[in-house]
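None of the values given here were measured: they were computed from a predicted structure. Sequence lines set the chain letters: A, B, ... in the order given, protein chains first and strands last, and positions in each chain run from 1.
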2 protein chains.
Amino acid sequence: MIRVVVADDHPIVRGGIVALLSAADDMTVVAEASDGLEAVRLAAEHAPDVVLMDLRMPGLDGDEATARILAATPNVRVVILTTYESDASILTAIEAGASGYLLKAAPQEEILAGVRSVARGEVALAPSIAAMLVQRVARPAVTLSPRETEVLALVAQGSSNPSIAAALFVSEATVKTHLLHVFEKLGVNDRTRAVTRAMELGLLGR
Amino acid sequence: MIRVVVADDHPIVRGGIVALLSAADDMTVVAEASDGLEAVRLAAEHAPDVVLMDLRMPGLDGDEATARILAATPNVRVVILTTYESDASILTAIEAGASGYLLKAAPQEEILAGVRSVARGEVALAPSIAAMLVQRVARPAVTLSPRETEVLALVAQGSSNPSIAAALFVSEATVKTHLLHVFEKLGVNDRTRAVTRAMELGLLGR
DNA sequence: TGACGCATCAACCGATCGGTTGATGCCAGT
DNA sequence: ACTGGCATCAACCGATCGGTTGATGCGTCA
């Protein structure tokens, strides 16, 4: 019997997940959480086999909750179940130690099979996530340095190079250098496209 | 007995919705659709009291499906049930004739109450949607002309004014004039902020 | 008819941007 | 010690951008 804690901030979605798992002969839902912090607390309290958790929740997101759950209860395995998110957020969850990443758009049988795999100690990835990881290994992702990200975020707010320089207590030449590095990394030629491209890649918040 | 067609492309979410409605004494789910086209077909076939439908679905989105359902079966009422979307997409659904707009994050009782209101001929709005509509009436939304939108989309792709002018077979002065109008309307001072602001407002696709 | 929104266009000017060509220094890893 | 990434900085220059000040013409609506 696979013991599961379910965490999702949408009650109607959580209801659907609980109903699906409860109908399976080999699973039982031992607790339900509506945010990341509650998921961490219930995992510690119930020591389930699997925490099945959304990624985007109020307060504490699923990736941070994953890290905390695994730090506190290393025998628990975490499966992320979410709508498609950016490559960057998927990778953050996997780097945090999630053993599975499943999509809500998947057929119900695929979600059940994923939970079972993870309970057996395997890794379960939705096919599109697996494909993304394969591609990522073949061609490592673009990353921006913290400073580059900081400068680009100010660009996205409409700041000019001189005003960014003033805000960050550096010279315009420094701002410009950071931006040129960003353009190189993202393969773009101007600030506006850099912003939209970074958003597409999940490197800049929306 | 309120007869409902449920439309959502995520099987696990649809399962949660169906479970919730089926557990209510006064509701029965007469059919389930996994996309907008199927919702239109099932509404015509079953003539339910209410179609409870997601907004963002493959093939045909909920707003277009709403318009088609109402054109073909005017006695059916449509309730949109979705995660939060942009103000613009909410308005499009309401303009298409949806009688309700509910959020998946809502408590289950609120979703049931919303469906009952709509079945009675009333309008059901999630509180945050109602608040947005009130604000919208008090302060009408920004809109961009088709040409302004076209120019701004090219800006978002990193095109310079000269290249936009060439692409659209107009002069640079025309491009610049459109952009200046966009800046005025959006209350911004530069192209980059215009793009991000328009995305925030749902005026430019992501 | 007049007003408004939209689309189109021009010229001038200062500010900003992007590219280029360097440079220094710090830190971490091999 | 060396290398690479990151952060910082400068000067010059041409291209682009944004603001300003106009203008015309079309279609729609009251």
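- Distance NE2 (A/His181) to P (C/dT20): 13 Å, rounded to an integer number of Å.
- Taking only side-chain nitrogens and oxygens, A/Lys185 comes nearer than 4.0 Å to OP1 or OP2 of D/dC6.
- One atom, CZ of B/Phe169, and another, P of C/dC9, lie 12 Å apart when rounded to the nearest Å.
- Annotation: the span from B/Met57 atom CE to B/Leu37 atom CG amounts to 9.5 Å, rounded to 0.5 Å.
- Closest to the side chain of A/Leu179, out of C/dA7, D/dG18, C/dG18, is C/dG18.
- Using a cutoff of 4.0 Å between basic side-chain nitrogens and carboxylate oxygens, A/Arg77 and A/Glu122 are not scored as salt-bridged.
- Each of A/Leu168 and B/Thr192 was assigned the nucleotide of DNA chain D with the nearest heavy atom; the assignment lying further toward the 5' end belongs to A/Leu168.
- In this structure, A/Lys104 and A/Asp8 have side chains that are in contact, with non-hydrogen atoms separated by less than 4.5 Å.
- Salt-bridge formation is detected for the pair A/Arg193/A/Glu200: a Lys NZ or Arg NE/NH1/NH2 atom is positioned less than 4.0 Å from an Asp or Glu carboxylate oxygen.
- Whole-Å rounding puts the B/Asn189 CG to C/dT16 P distance at 12 Å.
- Side-chain atoms of A/Leu186 and A/Leu201, non-hydrogen and from C-beta on, do get closer than 4.5 Å to each other.
- The residue among B/Thr143 and B/Ser171 whose nearest nucleotide of DNA chain C lies closer to the 5′ end is B/Thr143.
- Comparing B/Ser159 and A/Arg147, the nucleotide of DNA chain D nearest to each residue sits closer to the 5' end for A/Arg147.
- Taking atom CD1 of A/Ile164 as the reference point, atom C1' of D/dC9 lies 17 Å away to the nearest angstrom.
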message = Determine whether B/Val4 and B/Ile17 satisfy the following criterion, side-chain contact (heavy atoms from CB on, under 4.5 Å), listing intermediate values before the conclusion.
response = CA-CA 11 Å; B/Val4 185; B/Ile17 299 168; over 6 Å; no
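- Listed nucleotides C/dA7, C/dG18, D/dC9 differ in distance to A/Leu180; the shortest reach to its side chain belongs to C/dG18.
- In this structure, the CD atom of A/Glu150 is 12 Å from the C1' atom of D/dA7, given to the nearest Å.
- A donor N or O paired with an acceptor N or O is not found under 3.5 Å between the base of D/dC17 and the side-chain atoms of B/Ser160.
- Distance, B/Glu172 CD to D/dC17 P: 7 Å, rounded to whole Å.
- Between B/Thr177 and the phosphate of C/dC9, there is no side-chain N or O to OP1/OP2 separation shorter than 4.0 Å.
- In this structure, CD of A/Glu148 is placed 8 Å from C1' of D/dC6, rounded to the nearest angstrom.
- A sub-4.0 Å separation between OP1 or OP2 of D/dC17 and a side-chain N or O of B/Asn161 is present.
- Taking 4.0 angstrom as the limit, B/Thr174 places none of its side-chain polar atoms (N or O) nearer than this to OP1 or OP2 of C/dA7.
- Of the two residues contacting DNA chain C, namely B/Ala173 and A/Phe183, the nearest-nucleotide position lying further toward the 5' end is that of B/Ala173.
- Atom C1' of nucleotide C/dA15 and atom CZ of A/Arg191 are separated by 12 Å, given to the nearest angstrom.
- The side chain of B/Pro162 lies closest to D/dT16 when the candidates are D/dT16, C/dT8, C/dG18.
- Nearest nucleotide to the B/Asp190 side chain, out of D/dG18, C/dA10, D/dC9: D/dG18.
- OP1 or OP2 of C/dT8 lies within a sub-4.0 Å distance of a side-chain N or O belonging to B/His178.
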